[in-house]
Amino acid sequence: MPRVPGRRWSRGVVSFLIGVALPVALAAQSYPMMPVANPDADRLAELVRRLGTSPRDLPALIEAGELSFRLGDATAAAAFYKRAEAIDPRNGRVKGGIARILVNGEQPGEALRYFLEAERHGAPMARYADDRGLAYDLIGQQERAQRDYRVALTQGDADDADEVRRRYALSLGISGRQTEALAQIDALLRKSDRGAWRARAFILAMNGDVAGANKIATSMMPAGMAGGLAAFFQRLPTLNATDRAFAVHFGEVSPTPTRLADARMVPP
């Protein structure tokens, strides 16, 4: 299996994210935490028990991979998909699941190869349009990305709609279409969605309004922590489309040897 690296963020972006999360964390300390039922986790536990007695149960392996990824455990998801791929190397859902892991692990070139295989083996691509759109954004193909985001918004999982809309807005911002980008997240901003406010700051900065981006960061972060983002915002409008996408999604403003190697894997 390809490696699944973690996200790497610059210090300024880490500070920004801390600023977004800190008020929630502090508020949580004031109240006793009660266990919350999670149907996905319960279902995954059931599948793991099933696989304990039937380790080659392909549907169970695929579903376990999908649930693990949804629950944020890419390593476990990759392990389930690896076992599933050994049983059925031509399974479109397995290929699509691996592709999801790769793109969220900053490997869009290899991910697009797996998405292509998934499509060839019959996987419905509307199911993967949100992450394939991200892969296209990360290789500088914003029009293709935006097409997939629109598909995801109309045919994809409604539970992920807010995240897809934020990605769509960022993609439009990367393309220089600031007005359209901000319109996409307007409803989320009105709901005080912090991810949307973060996206708005990035969109403004990418399109030259560094002061506006800094104002958002300052209002959302504890006093004194916004300064770490000033240089990041200043850099965004100078980047090309690929670097902008990596910057706003992963906090990475300069190509690394790993990124350059992955770029060579983009299918024709």
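From a predicted model like this one, the values you see are computed outputs, not experimental measurements. Atoms considered below: every heavy atom in the structure, side chains included; atoms not considered: hydrogens, waters and symmetry mates.
- In this structure, the separation between CG on Leu67 and CG on Leu47 is 6.0 Å, given to the nearest 0.5 Å.
- Other residues, nucleotides and ligands place no more than 12 heavy atoms under 6.0 Å from the CZ atom of Arg90.
- Side-chain contact between Asp137 and Leu170 is absent, with no heavy atoms from C-beta onward closer than 4.5 Å.
- Atoms OG and CZ, from Ser68 and Arg70 in turn, are 10.5 Å apart once rounded to the nearest 0.5 Å.
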>> Run the side chain to side chain contact (heavy atoms under 4.5 Å, CB included) test on Leu44 and Leu71 for me, step by step, so that the C-alpha distance in whole Å, both residues' side-chain angles and the decisive distance to 0.1 Å come before the verdict.
In response: CA-CA 10 Å; Leu44 178 58; Leu71 291 166; 3.8 Å; yes
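- The pair Arg259-Asp243 counts as a salt bridge, with a side-chain nitrogen and a carboxylate oxygen less than 4.0 angstrom apart.
- No single ILVMFWY cluster, assembled from side-chain heavy atoms under 4.5 Å apart, contains both Val266 and Phe246.
- Linking ILVMFWY residues whenever their side-chain heavy atoms come closer than 4.5 Å, directly or via other members, places Ile101 and Phe80 in the same cluster.
- Looking only at side-chain heavy atoms (C-beta outward), Ser171 and Gln184 stay at 4.5 Å or farther from each other.
- Distance check: Leu204 CG to Phe233 CZ gives 9.0 Å after rounding to the nearest 0.5 Å.
- Note that CG of Leu188 and CD of Glu163 are 10.0 Å apart. Values are rounded to the nearest 0.5 Å.
- Salt bridge annotation for Arg50-Asp57: present, with a cationic side-chain nitrogen under 4.0 angstrom from a carboxylate oxygen.
- Between Tyr149 and Tyr168, the ring planes are tilted. Angles from 30° to 60° get that label.
- Nearest approach of Leu172 to Ala181, heavy atoms of both residues: CB-CB, 3.7 Å.
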> Between Glu119 and Arg132, is a side chain to side chain contact (heavy atoms under 4.5 Å, CB included) present by the stated rule, with each step listed?
Replying inline: CA-CA 11 Å; Glu119 189 169 22; Arg132 191 174 68 170; 3.7 Å; yes
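- Distance check, rounded to the nearest 0.5 Å: CD of Glu117 to CG of Asn91 gives 11.5 Å.
- Only one option out of Asp131, Asp130, Asp162 pairs with Arg167 in a side chain to side chain donor-acceptor pair (under 3.5 Å); it is Asp131.
- Summarising the geometry of Leu229 relative to Ala217, their closest heavy-atom pair is CD1-CB, 4.0 Å, with the distance given to 0.1 Å.
- In terms of hydrophobic clustering, with Ile, Leu, Val, Met, Phe, Trp and Tyr side chains grouped at heavy-atom distances under 4.5 Å, Leu112 and Leu134 are assigned to different clusters.
- Between Ala205 and Ala213, the closest heavy-atom pair is CB-CB, 3.8 Å.
- For the pair Tyr128 and Ala123, the tightest heavy-atom approach, listed with the atom from each and the gap, is CE1-CB, 3.9 Å.
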> Stepwise, does the side-chain hydrogen bond (donor to acceptor under 3.5 Å, both in side chains) test hold for Arg177 with Gln146?
Replying inline: CA-CA 12 Å; Arg177 297 159 63 182; Gln146 291 156 23; 2.9 Å; yes
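- In summary, of the residues considered (Arg43, Arg100, Arg127), a salt bridge (Lys or Arg N to Asp or Glu O under 4.0 Å) with Glu66 occurs for Arg127 alone.
- A continuous path of hydrophobic side-chain contacts links Leu102 to Val94 [ILVMFWY only; heavy atoms under 4.5 Å].
- A continuous path of hydrophobic side-chain contacts links Leu236 to Trp197 [ILVMFWY only; heavy atoms under 4.5 Å].
- Gly140 approaches Ala241 most closely through the heavy-atom pair CA-CB, 4.4 Å.
- Atom CD1 of Ile203 and atom CG of Asp209 lie 11.5 Å apart (nearest 0.5 Å).
- At a threshold of 4.0 Å, the pair Glu110-Arg113 does not count as salt-bridged, since none of the basic side-chain nitrogens sits closer than that to a carboxylate oxygen.
- One finds a salt bridge joining Lys95 and Glu85 here, because a Lys/Arg side-chain nitrogen approaches an Asp/Glu carboxylate oxygen to under 4.0 Å.
- Under a 4.0 Å N-O distance rule, the pair Asp148/Arg144 does not qualify as a salt bridge.
- In terms of heavy atoms, Ala77 sits closest to Gly65 at CB-O, 3.4 Å.
- Annotation: side chain of Ser175 is not in contact with side chain of Glu180 (no heavy-atom distance under 4.5 Å).
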